[in-house]
Trainee: 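Please find one structure pasted underneath; my questions will follow.
All of these numbers come straight from a predicted model, not from anything done at the bench.
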Amino acid sequence: AWAAGAVVVPINTRLAPPEAEHILRDISSSEKSDADDCLILYTSGTTGPAKAVSMTNSEIFVMAAHFSWLTSFQAEDRLYTSFPLHHGIASILGVVPTILAGGCCVLDERFSAQAYWPQIARHRATLAHIINPLIPILMGQPPSAQDREHDAHHGNRQHCTDRDPTEQAQHGQLGLAAHDHRSHGAL
């Protein structure tokens, strides 16, 4: 879709009908994207109706490159994620960095505290997604030998470059326009 110039709008297939209808009405009722936009994600709607968040190809690329740099993502890495593809973590910080690095992304069906570490071990993941609210849930699980029987690392291997990719992008070194992507809310 992106190659054809289309804007991708991933939607959670498990939304209740009123929530899905809101997104479909919202996206079709008004102009939501600029010419440079390639992705529109909808927020979870925890404080009200879901809101559209538009992103350009450059913003997505810089975020993915930054994640790759922070985690030292390499071609031999396997990234485990239990987040859905309509979520920015799985798509922008999962699939896109995997493509950039030439690695492998393991997409699980859903998060399970009990299965989190065993799944990482089963899939031989070297990197894994987690967000702060889920850490206490993981920590609340009974200790198990499987908690440490995996190959995931903290992304603390030596960086391929000493320069942050955001800085490189600002100087046109990643094939992007040389402007401050942070001013557009990308990082």
Trainee: Do Asn57 and Cys38 come within less than 4.5 Å of each other through their side chains, counting heavy atoms only?
Mentor: yes
Trainee: Just how far is it from atom NE2 of His87 to atom OG1 of Thr43, taken to the nearest 0.5 Å?
Mentor: 10.5 Å
Trainee: Do Leu127 and Arg78 come close enough that some side-chain heavy atom pair is under 4.5 Å?
Mentor: no
Trainee: Heavy-atom distance under 4.5 Å between the side chains of Tyr116 and Asp108, does that happen here?
Mentor: no
Trainee: Using a 4.5 Å cut-off on heavy atoms from C-beta on, say whether the side chain of Ile23 contacts that of Leu15.
Mentor: yes
Trainee: Without swapping roles, check the side chain of Gln141 against the backbone of Leu138 for a donor-acceptor pair under 3.5 Å.
Mentor: no
Trainee: Determine whether Trp117 and Ile130 fall in the same hydrophobic cluster, where Ile, Leu, Val, Met, Phe, Trp and Tyr are linked whenever their side-chain heavy atoms lie under 4.5 Å apart.
Mentor: yes
Trainee: Could you go through Asp37 and Thr56, starting from their C-alpha distance and side-chain angles, then the distance that decides it, and tell me whether this counts as side chain to side chain donor-acceptor pair (under 3.5 Å)?
Mentor: CA-CA 4 Å; Asp37 288 345; Thr56 66; 5.6 Å; no
Trainee: For Tyr80, which of His129, Gln119, Arg124, Arg122 qualifies under side chain to side chain contact (heavy atoms under 4.5 Å, CB included)?
Mentor: Gln119
Trainee: Has the side chain of Ser82 got a donor or acceptor atom that lies under 3.5 Å from a matching backbone atom of Arg110?
Mentor: no
Trainee: Show the nearest heavy-atom pair for residues Pro84 and Ala90, with the distance to one decimal.
Mentor: O-CB, 3.2 Å
Trainee: May I ask you to test the Leu41-Ile92 pair for a side-chain heavy-atom distance under 4.5 Å?
Mentor: yes
Trainee: I'd like to know if the side chain of His150 reaches the main chain of Ala152, judged simply by a donor and an acceptor atom lying under 3.5 Å from each other, with no hydrogens or angles considered.
Mentor: yes
Trainee: Please tell me whether Phe73 and Val106 are part of a single hydrophobic cluster in this structure, the criterion being side-chain heavy atoms less than 4.5 Å apart.
Mentor: no
Trainee: Once you round to the nearest 0.5 Å, how far does OG1 of Thr126 lie from CG of Asp77?
Mentor: 3.0 Å
Trainee: Atom CE of Met55 and atom CG of Leu39: how far apart are they, to the nearest 0.5 Å?
Mentor: 6.5 Å
Trainee: Please examine the side chains of His22 and Arg25, heavy atoms only from C-beta on, and report whether any two atoms are closer than 4.5 Å.
Mentor: yes
Trainee: Can you tell me how far CZ of Phe83 sits from CD1 of Ile131, rounded to the nearest 0.5 angstrom?
Mentor: 4.0 Å
Trainee: Please report the interatomic distance OG1(Thr71) to NE2(His66), rounded to the nearest 0.5 Å.
Mentor: 10.0 Å
Trainee: Please assess Phe111 against Leu134 for the test side chain to side chain contact (heavy atoms under 4.5 Å, CB included), listing each intermediate value before the final yes or no.
Mentor: CA-CA 9 Å; Phe111 174 78; Leu134 298 180; 3.9 Å; yes
Trainee: Show, in sequence, the C-alpha distance, side-chain angles and deciding distance for Leu85 and Leu107, and conclude whether the side chain to side chain contact (heavy atoms under 4.5 Å, CB included) test is met.
Mentor: CA-CA 8 Å; Leu85 286 174; Leu107 303 170; 4.0 Å; yes
Trainee: Report yes if some heavy atom in the side chain of Leu93 is under 4.5 Å from a heavy atom in the side chain of Leu79; otherwise report no.
Mentor: no
Trainee: How many angstroms lie between CH2 in Trp69 and CG in Leu100, if you round to the nearest 0.5 Å?
Mentor: 15.5 Å
Trainee: Just by distance, with hydrogens left out, do Tyr42 and Asp26 show a side-chain donor and acceptor under 3.5 Å apart?
Mentor: yes
